[in-house]
Colleague: 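If you scroll down you'll find the structure; I have some questions about it.
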Number of protein chains: 4
Amino acid sequence: MADYLRPLLYLALSLSPVLAHDNGLALTPQMGWDTWNYYGCDVSEQTLLMAAQAFITYDLPKYGYEYIITDDCWQAPQRNATTGAPVADPTKFPSGMKAVADQIHSLGLKFGVYSSAGKYTCGGHFGSLGYEQIDAQTYAEWGADYLKYDNCYNEGLAGTPRLSYDRYANMSFALNATGRPILYSMCNWGEDGPWNFAPVYLIPARLVRAVTYLTQTIANSWRISGDIYDNYNRYDERCPCTSMIDCKLAGFHCAMTRIIDFAAPVGQKAGVNHWNDLDMLEVGNGGMTYDEYVTHFSMWAVLKSPLVLGNDVTNMTNETLEIITNDAIIAVNQDANGSPAERMWKVPVASGGDLSLWSGSLVNNTFVISLLNTSPETQTVTVNFTDVFIDQGPSYQTGTYAIYDLWQRDSSGAWGKNIGTYTGAIPNVEIGLHQVRIWKAVPATTTSKRDTAEL
Amino acid sequence: MADYLRPLLYLALSLSPVLAHDNGLALTPQMGWDTWNYYGCDVSEQTLLMAAQAFITYDLPKYGYEYIITDDCWQAPQRNATTGAPVADPTKFPSGMKAVADQIHSLGLKFGVYSSAGKYTCGGHFGSLGYEQIDAQTYAEWGADYLKYDNCYNEGLAGTPRLSYDRYANMSFALNATGRPILYSMCNWGEDGPWNFAPVYLIPARLVRAVTYLTQTIANSWRISGDIYDNYNRYDERCPCTSMIDCKLAGFHCAMTRIIDFAAPVGQKAGVNHWNDLDMLEVGNGGMTYDEYVTHFSMWAVLKSPLVLGNDVTNMTNETLEIITNDAIIAVNQDANGSPAERMWKVPVASGGDLSLWSGSLVNNTFVISLLNTSPETQTVTVNFTDVFIDQGPSYQTGTYAIYDLWQRDSSGAWGKNIGTYTGAIPNVEIGLHQVRIWKAVPATTTSKRDTAEL
Amino acid sequence: MADYLRPLLYLALSLSPVLAHDNGLALTPQMGWDTWNYYGCDVSEQTLLMAAQAFITYDLPKYGYEYIITDDCWQAPQRNATTGAPVADPTKFPSGMKAVADQIHSLGLKFGVYSSAGKYTCGGHFGSLGYEQIDAQTYAEWGADYLKYDNCYNEGLAGTPRLSYDRYANMSFALNATGRPILYSMCNWGEDGPWNFAPVYLIPARLVRAVTYLTQTIANSWRISGDIYDNYNRYDERCPCTSMIDCKLAGFHCAMTRIIDFAAPVGQKAGVNHWNDLDMLEVGNGGMTYDEYVTHFSMWAVLKSPLVLGNDVTNMTNETLEIITNDAIIAVNQDANGSPAERMWKVPVASGGDLSLWSGSLVNNTFVISLLNTSPETQTVTVNFTDVFIDQGPSYQTGTYAIYDLWQRDSSGAWGKNIGTYTGAIPNVEIGLHQVRIWKAVPATTTSKRDTAEL
Amino acid sequence: MADYLRPLLYLALSLSPVLAHDNGLALTPQMGWDTWNYYGCDVSEQTLLMAAQAFITYDLPKYGYEYIITDDCWQAPQRNATTGAPVADPTKFPSGMKAVADQIHSLGLKFGVYSSAGKYTCGGHFGSLGYEQIDAQTYAEWGADYLKYDNCYNEGLAGTPRLSYDRYANMSFALNATGRPILYSMCNWGEDGPWNFAPVYLIPARLVRAVTYLTQTIANSWRISGDIYDNYNRYDERCPCTSMIDCKLAGFHCAMTRIIDFAAPVGQKAGVNHWNDLDMLEVGNGGMTYDEYVTHFSMWAVLKSPLVLGNDVTNMTNETLEIITNDAIIAVNQDANGSPAERMWKVPVASGGDLSLWSGSLVNNTFVISLLNTSPETQTVTVNFTDVFIDQGPSYQTGTYAIYDLWQRDSSGAWGKNIGTYTGAIPNVEIGLHQVRIWKAVPATTTSKRDTAEL
C-alpha cells in the first residue's frame, strides 16, 4: 500500500496518541503572516507588532490567521559568546524576543521565528547547524510557537534524502525535546523530496469522535519549491526546473502558477499535520491582477498549503482584504479532512497556458472542485462528473449535486452562492483569462459505501 | 556478461544448494490473496478466514493460489511493552495471530503478514525498522509463511541503492535466521532499483533433474512501481514518473497498463525465485471491463508477476472466477522456466494508445506470445515470427508452430484452443480495443541447438 | 527565503567581519592570466615572467588584471621525499617558485598556482588530496596569492554534494589556516552543484559605507562547466550535457555560447566574493571572429565571471588588446554591486541560434543591458523596458533612461557612447550575426523606493 | 584544465614511472578472445585450449591477439573450505587452472580469468567481494595475466561513484599487491561513470623516446554499457537507456550501433593504458551481415576499444577471418597515440538511422577518418576537412592529404589502398547502407606547430 489511508476506515483506530512528543499542531494548514515577502531583511519588533495589531484591527484571527513570524535578519551579529545561545539584534529588537512574543501572545496571537539548517542563514547570519538544541531551547524560552527552518549554507549536506533528513530531523527532535509545542515548518526548497522523508502522520477520527494524531516523523509542513515571486506565470531562469521531483536547483523567482504545477504530483503526500508548503502568499503585493490573486489564494487553499500572508497587512486595499478573508475558501483550506485537491486533467491551450480541473474531498461527504484557466483567453468548459469523481466511482459520477460558487456571495452576502443543482456535469462554464472557479459540491443523492471507499 | 544465464547451460551446474539459509521459495511467482485492494485498513481474523474459506469453496488451491495475506492495520496500537515484540490488534484478532495462522494452515493454505521498513507502516502503525529480529522471530512463531515489507516512514534511508539495500537486507537476514522459510516480498515501490540490488538467484536444473536453487541475496520478489489502481490506462498525477528506472516519486494510482510499461525494461532482472511484482490484482473490483481484466491477468502472468488476488473472493462473479482460474494462463505464469516475456516491439496508434508484441520462453522449447492493443479501436496485426523469435534466431523465425489461443477453450472445454499451424507469421490478427491475445507456440519443426542457445 | 538579499537592505547590517579567517578577496571577480589555454603543459618560469612583463608593457594592471597563474605541469616528478612538500620542476623553474613569486610581486602583480583535489592532477602530476595542509602551507611560503584547484583523479569522491564539499572544503580550511589571503578558485567542472555548496557570502555596504564581508563557506569562485574551447557555438560531443544543473559528464570542448547557456540559471547563486567561473578567456587565440570575441568578453563580464586571460599576452593584435582593455565593459564586471546579469528572455531563431536579452543591476541605481544574437543572420529587435526591468517593477519599466553603448567610443575616445534617451524601450535595434550589444542605462527619472526593493 | 594533455607537450615530462605498482599493461587496447559470447557458461579447459590452438593455427598473435580469457562459470561450487581460495570446477578443469595457464603460456599467449565485484558472479558462482586479496593472489599463482571483473550481486554498493570506486579499487590494489602484472578489465556496465573514477594515466613519450607510463588509479579498461548482442541496430528494451552518462539500468542486448552512440561522449576519457571497453566482439557469430561486421570491427578499432573476439575461433569463415585480421584497421586500434576518434557530426536520415563522421589522431601526424551510414539506403556524402580537422585548426583544414582506404587492398594485396590526394574534402563519397569507410590521412603539406597543438 501507499502512504495513505482510506478515510472511512480511520474510525477503527485507536484514539490515543502514541508518541508523547508529538506537537499536536497543524491539524489544518497553518495561517499567519511572515515578514519576508514585504520587508525582506528589514525586520524589527515594530514590524512584527504593527502586523500583530493589524491582525486585530482587521479581525484576521476570526478567519484563522494566528502566527506572526519573523523571517531572516532578526539576529545579532553573533551568538552569546559564553552560552552559544542565539541573540536577537538589540537595535531591531530592543525589548528582546521574549517581550515581543509576550506582546503577540497578549493579543491572542502566536509567534514564529526563523533559522537555517546551515552554518549561516540565507542572509548571512548565524545558522543553527550544530546548534539545534540550544536554539530550540532558546526559542521555547522566548515563547516561540513556530519555526521556519531554511536551507542555506548547508555545507553540502544534501543530495540524498538521508543527508537532508538528518539535518532537519535534528531540529525536529530538539524542538520536541523542549516540551513546548512549536510548529515546525521545513524550508529546504523541495530538495531530496521532503514529501518522502518528512511527513507527520495523523489519524483524524471523524464524525462523533475527536481528532487525534498518531506519529511524528519530522515536520508539520515543508516547502516544495524555490521561492515564489509576485508574478502570475512568467518563466524566470532563476527557477529552472520543470518539475520538483528531482530538481537540483530549486532557485527562486518561481511564478505563482509554476508552483501550482510543482504541487500537483505531491498532493498525495500531504495530509493532516503534514502539509505541502507552496510558499508565502503574495496577495496584495501588486504584481498580479485581482483575478490572478484570487487564483493564487484559492489554489493555495484547495492544495492545503499553509496560508501565510506576505503583504503589508497594515495597509491593505479592499480587494486584498476581500480575498484573504473569503471564509468559504478558507473553510476549504481548513477542512478537517485534510486532503489536497488532485489535478484530474490538464490540457494545453493553443494560445498558451492550459486549462485544468482539480477535485478534493471535504468532510461530510462534500467536495471542492476547481477549474483553472491560465491561458490568455476566455474559455468555455464543461466540467464532467466522471472526471471530478474519478476517485469516488460510478455512483458519484452519475450523482446530482448542489453546487456553490465560493467566489460569489449569496443573498445574505456570505461567500458561497448556490448556483443550482447539476447531474453528471456543470455544462458550458465560461471562465475568463487567468481566472479560477472554486465550487463546493454537496450530494443531493445517496451514494453507496462501496463507492465511498474506492480510491 | 549480464546477470542472466543461457537456459541450456544450466545442466552443467551443481545440484546442491550452497547456502543453508536460502528459503527455497517462489520457484514460480507466488499466488494468493491480500486484504488491501478490497478491504484497505479494515482487516480482521474474520476477513482472513472468510477469504481462506472462499479459497476452498472455489477450489482456488487447485490453480496454485495458496497465500492468505493480511496487509496493513493488523497491529495493536503498541508493541509489547516488555519484550518489544509486535502485537496484533486484540479487537480485530481476538484469537491471536498464531491461531489465525493455524486455521489457515489447517485448510492447506499459507499465511502472510505485512510490515514496513520504516518507523511506522503506511497506515501509521509500528514499523519494523530497528525491530527486524524480534519481528521476524515473532512472525515465525506465529507460523507466518510470507512477509510483505513496505517502505513508509523510512527516515530518508533511501536515495542510493546501498541505503535501500541495507534496510531490506536487514529483514532478509532476520527472516533467514528464524529457520522458517518465509517468502519475502519487498515493497519499496521500485526506489533505487530493487531489480539491481535485490535478486535472488536460483539455478533451475531442467529436463530429468530436480529444480535446485543456489543463492539468496535479498528477496523473492520486489514491487517495481507505486500502487496500482483499478483503472485501465488513465494517467493520474499521483503516479507521475514515465519510467521507474530512476523515479523519485513512485506514488500510487498507477493505472494497469502504465505498470505494464514500467515492467517492460526490468523483465530481464527477474527469474526463478526473484520476481518483479507488478502489484496485487484488481480483477473483480469493478473498475475495468472484462477485456481489460483479461489483459490485466494475462500480462501479469506472462511478465511473471506474483498473482495475488485483491478482490472480495467471497463474492465473485462468474466472469471474475473465469479469469482468475484460466489454468492455461496460470501455467504460463507458473512455468518452471521462469522467464518474463520481453516486449519485442511497441508502436503508437494515431487515435491513442499503442500495439505491442511480447514473447517469452517456456519449458520444453515452447513459447508464449502476447499481442496487446491499448488503443481505442480494433486493429489488424500480422505477428511475424522474425519479431517473436528475435532471441532464438533464424531457424526459429522460419519455423512452423502449432498455435494455441489461451483465451479460447478447446472442444473439451479446456483453455487453450489449437487455432492452427503457422509458418513465419500469424497473419491478420484482428484484436479489439483493450484486448490481448495470448498464444502458446509449440514448434512443429526441428530447431538447431545453436539457435536455442542464442541470446 | 532564497539565498539572496535585497540590495537596499544591506545597510542595516554589521560592518565588521565576523570570521577572522575570511580571506577578504574577490570582492569583484578576479582578473589575470593563466598559462593553460595557450601553453597547456608547457609552463616554466620564463612563460610566467614573460607574461608578467607583458602585463606591464601593455599596462594591463591599470584595467584590473593582476594575477599571473601557472596552471598544471609546474610540478617536479615527486614531492619532497622527506617532508612530503610539493616541489616545482627544477628544469622548468630553476629559480624555484618563491623566486618566481617574488619577481611577480616586484612588478606589482600577484602569483597563482594550480593543483587538483585528487591523487594526481589532470596532467598526471602529484595531486593534493590528502596533502592539503602541507600544500597550502607551501604555497603560502612561496608567496602564492591564488589557487586554481582542479578535479582529476578524485577516486570517486564525487556524486553527492557532500563528497565534493569535503574534498574542496579541506583545501579551503587549509588555505585559511596559513594566514595568507589566497584566492581560492574551485575547478570541479560544476559537479554536484558547487553553486549550492560553495558560496562565500559577503555583505556589501553601499553608498557611504565601506564594503565589508561576512562569512566564508568555501571558495571565491567555482567553475560551472567543462573546459571552454576556442569556438563560438559548435556542439562538440566532448561537452555532452545540455544543462549543468545535474550533469554527470562535464567534459571539455564546450563552445563559448554553450557556456553562456550553462551560466544562465546559476547567476542567482553568485555575488560579491563568490563567483561563477565561466572558464578562462580565449580572446586572442584565433578560433573566433572579432564580433565573437567581443561577445565572449562582454558576456563573461556581465555574468561576473572571473576575467582570466588565456592568450599569448606577449604577442597581441590590436583587436585583441582593444577587446580586453575596454574599461567600460570591465567596469561592469568589476561593479561593486556584484550582481550577475539575468537572462530575461531567450527566443529561438528559425535559421538557428537564438536571441536573448540580459539585464543586471549596477551601483548607483544604474543597469547593464545585454542583447545577444547567436543566429546566423542580422536581426532587428525592440528592447522593451518591461522586460529589462522585470525585477525592478512598474516605475522602472515606464521610466526614461540615458543609454550608453559600451562598445562605441564617445567623442573623447572613451568607451561608452551616449546613444540617446529612451522611454519604455530601445526600438528597432539592428544586431548583426554573432554580435552583442552592451548598454548601460542611467535613469533620467525618479523611481520609488518600493520598486527598487522589489525582487 | 580537463583530464587530457596536448600530445606534443608530453615530451617535456619525465620518463620514469613514478609508481612501482603500475602494471604497465594495455599501452594499446588489449586483444584476445573470451568464452562468453559463443560458449556462455559452457567453459572448460578444452574450450580454452582449443581456442588457444586456433590462435596459433590462424596466426592470430601476429595481428596482436594474445589473451585467452575464461569468462564466468569456471568455478567449483565452493571456495576451498580451509583457505577460502577460489577453486576451479574439477570437472571442467581437471588439470587445474595453473596447468591451463601454463599450456596457454607455452603457446606464447596470455591467460585471463573472470570474477565479479559482488557476492556472486552473474552466473551465481562465488564472487570476489570481500575476497579480493586471496582471489588476486590465487589468480597470480595460477599465472593469470588478465582479470575481467563483473558487477553482479553487488549488494547495493553502487549509486554513487564512491561506492563503485571502492569495490573496484579494492581488487585493483589486490592485483597490484601480487607483484604480477595482471591487466585489469572492469565490467561495471558504465554505472556511476567509470570513465570519471577509473582512469589509468600514462604518458606516452613520442618520437625518439620510449613510451613510459605514470600513474594508475584503478583499471586498464572499463565497460561503458550493458552487454552487446549480435545485432546491428535493433532497439531492445533490455538495454533501455538512451545515454550511459547517467543510466540506472545498463541491461544487456545492446545492439552494436547503440554502443557506438554510447561511446561517443566518453572517448575523451580514454587513452593509453585506460580504455573504454565497448564489449567483446560478435564478428563471426552470425547476427549481422558482412558490412555490419566490418562496421563493428572498424568502429571498435577507431574508438580504441579492446578487441576481444567472441566467436568460435576454431571454426571461422573466410569473411570472418578477413575482418579480424585486417592489419590496417588493427594498426589504427593499436596506434601508440591512443586517442579514440571523436564524432565530428551526426545527422539523421529521413528514412531512419543517421550519417556520422569521426576523426582521430594517429602517430606521426597522421589521422584516421571514419564515415558511418546506419541508414537503410546508400548515401552520397562530401567529407569536408573543416569538419575532420576541427581539433587541428585552419592549416590542417586547408591542407592536402594522401588518403588510404583501409578496407581496400593495394596492388600488393595489403590493406590500405591509396585512393588519391585530396585538398579540403573527399567529395561525393558513395556509401552503402550499413557501411563504413575508414580512411587514413597522411598530410602532403606542411602544417604549423601552432595548429598541431590546438585542441
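Just so you know, these numbers use all the heavy atoms, side chains as well, and skip hydrogens, waters and symmetry mates. Residue numbers begin at 1 in each chain, while the letters A, B, ... track the order of the sequences.
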Colleague: Relative to chain A, which segment of B:L249 carries a heavy atom at a distance below 4.5 Å: side chain, backbone, both, or neither?
Modeller: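 Looking at B:L249, backbone and side chain both touch chain A.
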Colleague: Between CG of B:L157 and OG1 of A:T160, what distance do you get to the nearest 0.5 Å?
Modeller: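 Answer rounded to 0.5 Å: 9.5 Å.
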Colleague: Could you check whether any side-chain N or O of A:R162 sits under 3.5 Å from a backbone N or O of B:E155, counting only pairs where one atom can act as donor and the other as acceptor?
Modeller: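 Indeed, once roles are kept as given, a pair shorter than 3.5 Å links the two residues.
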Colleague: In Å and rounded to the nearest 0.5 Å, what is the CD1 to CG distance from A:I245 to B:D246?
Modeller: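 Reported value, rounded in 0.5 Å steps: 11.5 Å.
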Colleague: Given the rule in the side chain to side chain contact (heavy atoms under 4.5 Å, CB included) test, do A:M244 and B:K248 qualify, once you have shown the distances and angles that lead to the verdict?
Modeller: CA-CA 10 Å; A:M244 294 308 298; B:K248 301 299 188 193; over 6 Å; no
Colleague: Quick one: CD on B:E237 to CG on A:D261, what's the gap to the nearest 0.5 Å?
Modeller: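 Between B:E237 CD and A:D261 CG, I get 8.0 Å after rounding to 0.5 Å.
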Colleague: Could you walk me through whether B:D236 and A:Q268 satisfy the side chain to side chain contact (heavy atoms under 4.5 Å, CB included) test, starting with their C-alpha distance in whole Å, then the side-chain angles of each, then the deciding distance to 0.1 Å, before giving a yes or no?
Modeller: CA-CA 11 Å; B:D236 188 295; A:Q268 63 180 276; over 6 Å; no
Colleague: Under a 4.5 Å heavy-atom cutoff, which of A:K346, A:R343, A:M344 has the most pairs with chain B?
Modeller: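 Result: the option with the highest number of such pairs is A:R343.
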Colleague: Which value, rounded to the nearest 0.5 Å, describes the distance between A:N196 atom CG and B:E191 atom CD?
Modeller: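 CD of B:E191 is found 6.0 Å from CG of A:N196.
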Colleague: So for atom OH, which belongs to B:Y131, do other residues, nucleotides or ligands contribute more than 12 heavy atoms lying within a distance under 6.0 Å?
Modeller: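 Incorrect, the count does not exceed 12.
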Colleague: For the residue pair A:P161 and B:G159, what are the closest heavy atoms and their distance?
Modeller: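 Between these two residues, the closest heavy atoms are CD-CA, 3.6 Å.
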